[in-house]
Structure formats: C-alpha cells, structure tokens
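Some notes on the structure that comes next.
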Number of protein chains: 2
Amino acid sequence: MATPKYRVIANDLRSKIESGELERGGQLPTEGVLQKKYAASRNTVRDAMKWLINLGLVQTRPGQGTFVVEEISPFSTALTGIPVLPEELEAGLGGERDAYAAEVSAQGRDPDQQDPTVEIQKAIGVAAQELQLVGESFVVVRHQRRYIDGAPYSLQTTFYPMHLVEEGATALIQAQDMPSGAVRYLEEKLGLKQAGWIDRITVRPPDQNEAEFFGLAEDGRIAVFETFRTGYDDALRPLRLTVTVYASDRNQFIQTVGRVPPIQTPDPGPSGGAG
Amino acid sequence: MATPKYRVIANDLRSKIESGELERGGQLPTEGVLQKKYAASRNTVRDAMKWLINLGLVQTRPGQGTFVVEEISPFSTALTGIPVLPEELEAGLGGERDAYAAEVSAQGRDPDQQDPTVEIQKAIGVAAQELQLVGESFVVVRHQRRYIDGAPYSLQTTFYPMHLVEEGATALIQAQDMPSGAVRYLEEKLGLKQAGWIDRITVRPPDQNEAEFFGLAEDGRIAVFETFRTGYDDALRPLRLTVTVYASDRNQFIQTVGRVPPIQTPDPGPSGGAG
DNA sequence: GCAAATTTGTTCGTATGTATT
DNA sequence: CAATACATACGAACAAATTTG
C-alpha cells in the first residue's frame, strides 16, 4: 500500500477544507458516514481524524461531531517601543509593566494582572547563565500572570540578582505590583540604568502548567512562545532576566525599525505561499 | 475511569523522561514489554506512545524501538543588525541577502542558497494587503531556498509591486541572485531608499511543501516560524514584503536594543520555569 | 426533567504489512 | 532468511458527552 488508507482519507478531507468546500467552523461528516463513504473501519476513519487534528485543521467535540477550526485573530505584542528612538533609549526604556498596559489599551483591549508571587531561589539554568552568576548565588524570582479582556495572556517570570536587594532594592522581594515598573525602580533606588537588552524568541511545547493556564489542549499540539529578555546596565552587567510565555496560536510579535507608517492590527490571512 | 489508561501510562513514562530516569536518546521498553508491565493491550500502549510523540518527548523508529528525543541546538537569527544604529538606518539597511551570509558566517557555519525562482502573480492576500495594492495589481514574487551547512534553513518569498519593474528595476524579474541585495539595487536604480520596516513573527503548522523541505514529520507536530517583513521608502510607501519560513525546533530569533555585551550563541537549557 | 438517540472516546482482540537487525 | 519492533487495518464492546424528543 503506497499511502495508508487513513492518510488518503485525511488528505481528501484536507483538500476539501483548504479549498473551502468545507467551511470554517463547519461540521465534517460523522464517523459513521465517513466509514461508508470511504469503505473503512471506524478505527481507520478515527486515525484520519487524529491526523487532521494534529495538523490543526479540525477539532472534535464529544457528543457533537468534528468541526473545521475557526481562525483566531492574533494579539500583537511589540518587541520594542514603536519606534525605537535614541531619546527613548536614553530614558531607560524597557520596563514591561508600563509597556504591557499601554500596549493592550492601545489595541482597545482591557489589561489585567494579578499581584506577583515572589520567591528567592538558588540561581540555576538560564537564570544563572544570563545573569552571569557563578557558585552559590541567589536570585529574586517574580512571577506574574497577565490577562487581556479576562482571558489568559502571558506568564511572566523575572529573575533579579539577589545582590540588588542587598544593595537596597528591597521592594523587589515584596509581593506587590510595581506600578512604575521594576526597571524604573532600580534606577531611582540604585541609580542602575538599563542601557539595553537582548531578546531571544523561541517556540516549544507547553508544560502542564502552561497548558492549563492558557487553556491549551493537554496534548501539546499548540506550542508556546518563550521570550527571554536580558537587561544590562551601563557597565554591561546583566540587571535582570525576564522570561515570558505566550500561547502561539493567538499571539504574534511585531517590531519596527526606522520610519514606518502607523501600525494597524494586522489580519494574517493566506500568505500567498512561501513554498 | 478518572484518567484513561493510556494517559496513565504516558504520564508515568513522561515523569521518567523528565526526571532523567530515562536518558535523552535512550530507548524505551518495547511495546511488548510495556503491555505486560502495565497490563494493557498493545493498542492502549500505542495510544500512550502517540501521546508522548505529540508532546515531542519521544520518537519511534520502525524495526528499532521508541527513543527519548535528543535536544537540538538552535540556530540564532537576528531580527535586526546588532546593534541598530542611526548610521545603519541611514545606509538603508535591511537587505536580507547580505545579512544572511554575514550572520551565518559569523556563527561559524556555511551559508548556501540557490538561485531564486521568479514569478509574476496577481496581488492577493497578505501581499496585496501589506503592499497596499488595490484592484487588479501585480507583484513580482521571488522565492529562495536557503541552507546552512547543507541543511535546509529557510524558505523565503519576497513580493515587490510590479510598478517597480515598469519604472526600471528590471533585474527584479530575472531569476538570478542579487549579490548586493535587492534593497540596495532599488536604491541604485530607482533612488528608492528603504527608510524602515515592520517585522511580524507568527507560528503555525507547516504545509506539505515546508514539511518536506525542512524534513519535518508530515504530521505537522513541529510548527514553523513565519516572519513578515514589510519595507517602506522615505514616503512611507511599501517597497516590498518578505515572508520567511523557518522550522521552529531548530531556530530562534535574537534582537538587541541599546548597548549590550557581545552576543554568544546561547544554550537554551531549562528555563527555571515560568509556571 | 428524563429517556432515547447520536456522536465521539477508550479499550480490547486479532491479523497482516514494513523496516531493521 | 529469521527474529524483532513498529505501522496499518479490521471488528467489537462499552463509556461519556451532547442533543433531541
């Protein structure tokens, strides 16, 4: 058998979905109907369904049926202020707190975040690496859950070297929102200005916490964005590491360089094909 | 039954993988062994395996067995030159051709790309939208496949408004590499300087072409990054749209703002948890 | 509100095909 | 060639979720 039967069925349905013969949000024939149509057993039809589910083309609802997935209008997150000007850099831009609320509001949505949880941990993994901590070092870890219009938006974790607290930035270990942003606080308190930062964007499957928070299918089908932002002071010493996780099916990142027209919330649509 | 048996099996194996009891690259017990161990039928054991495959934790090799997946060291692609300085913007930076070769070489790897294929198409979808073309407009479409160390790296498609060709930029419709970059060519030929651009980064399942090119599993388990870069001239008119697709399991994006230390190829490692 | 019908989810058994050792 | 291990395919039964009557 050249191509397995379940793949033949899946490919046939796939082309009907992509051609529009089966509408977005529309229902597929039930398993029973497909069995007769393709002269296949129920298990084989179900294997075809699983394939389409993995491709992100359909979803099943027990007791109801199988449906073509609807398009999600993604939320746009700016990697940098729009646009990045030297004056802004001078001002020590790069705090996520203000940027978040401003950006969400600008897109006509309602930002919300809970009070952070704060822990002190031994520095390990990326935190130790990015903050250049060696030996027995400790970090202040601030977690925060963010919502937009009441729906989960991001999980953010920021790591600060513990020595910042010892040097006087004691608010870092208090489980309270920092309305003006931690970056600004560090500048006011310790005179540490964030001179720049490095962003790293990756994609990976969600862990169980993340799947639950974002309401993603537990099977890890939908990946999450993970961004790492390491901020540096004037002496190019790392100030903080912020790790933010977003669901990849409803978010996109925007960034501008130089002079550009005003940004309008974009509609993804068909790409026209890079293949 | 609270949790299905296949999920119980999968969760048990998952914890053994995440705890390190089962090593990276190591082999899992065969289906037959797992049947006896969990007192389950072969199909149920296989359902557990499918779950772990979807989570990206294991892979199966017919005739050999099931193995814990190995970590992939990601390649880093810079969204912007490092760092972005006003002088660079003045120079009309933003051509992908030079940036690609320079960046790959900088990471000690060998860049390679084939001659582009060139088509002329009616402007539809994102191309029409981003290039602000209305009615019956046409675009020059240049496809390019890029490789690093011989391995597939990216699929790039750039759309130029057809009127640029009519105004004299005839090299755009020739299926040849443009060593100095199309952006520079447009400046030399038509005096059109790219004053800035907007990047948009999204993630989605691969289509069949992409899965084949990147050697991804056909089941769409591994997503692809899709970046949209729209370049604008001095008058803020769109010059071009470049759509680039990368495999998400072996690539990450880096971007710097302000003053930062020299970038070293980062090792992702465990995040320390944003959950 | 309840019962029946419909639809997908889980589990077992079995047989045969294909890839690798 | 034989043994091993995963892949495909069929049939059957019961469970769980949802809609319908």
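Remember, predicted model here, so these are calculated numbers, not experimental data. Lettering follows sequence order; numbering is per chain, from 1.
Applying the side chain to side chain donor-acceptor pair (under 3.5 Å) test to B:R7 and every residue at least two apart in sequence or in another chain returns A:E218. Partners of B:S248 under the side chain to side chain donor-acceptor pair (under 3.5 Å) rule, at least two apart in sequence or in another chain, do not exist in this structure. For B:T44, the side chain to side chain donor-acceptor pair (under 3.5 Å) partners at least two apart in sequence or on another chain are B:S41. The ring-ring contact (aromatic ring centres under 6.0 Å, His included) search around A:F225 returns A:F253, not counting sequence neighbours. Applying the ring-ring contact (aromatic ring centres under 6.0 Å, His included) test to A:F213 and every residue at least two apart in sequence or in another chain returns A:Y147. Remark: B:K122 pairs with B:E136 by the side chain to side chain donor-acceptor pair (under 3.5 Å) rule, at least two apart or across chains.
Donor-acceptor pairing under 3.5 Å, judged by distance alone, is present between the side chain of B:R42 and the base of D:dA7.
C:dG13 atom P lies 14 Å from atom CG of B:D47, rounded to whole Å. Whole-Å rounding puts the A:N43 CG to D:dC10 P distance at 9 Å. Between A:K5 atom NZ and C:dT16 atom P the separation is 16 Å, expressed in whole Å. Atom CZ of A:R7 is separated from atom P of D:dA7 by 13 Å (rounded to the nearest Å).
Evaluated for a side-chain hydrogen bond (donor to acceptor under 3.5 Å, both in side chains) with A:Q156, the options A:H143, A:R146, A:R229 yield exactly one hit, A:R146.
In terms of phosphate contacts, B:T44 brings a side-chain nitrogen or oxygen within less than 4.0 Å of OP1 or OP2 of C:dC12. Taking 4.0 angstrom as the limit, A:R46 places a side-chain polar atom (N or O) nearer than this to OP1 or OP2 of C:dG9.
Residues from residues 49-67 of chain B that place a heavy atom under 4.0 Å from any atom of DNA chain D, listed by number: B:T60, B:R61, B:P62, B:G63, B:Q64, B:G65, B:T66. Using a 4.0 Å cut-off on heavy atoms, the residues of residues 25-41 of chain A that approach DNA chain C are A:T30, A:E31, listed by number.
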Side chains of residues 45-53 of chain B: which donor-acceptor partners sit under 3.5 Å, not counting sequence neighbours?
from  : atom 1 : to    : atom 2 : distance (Å)
B:R46 : NH1    : B:E31 : OE2    : 2.8

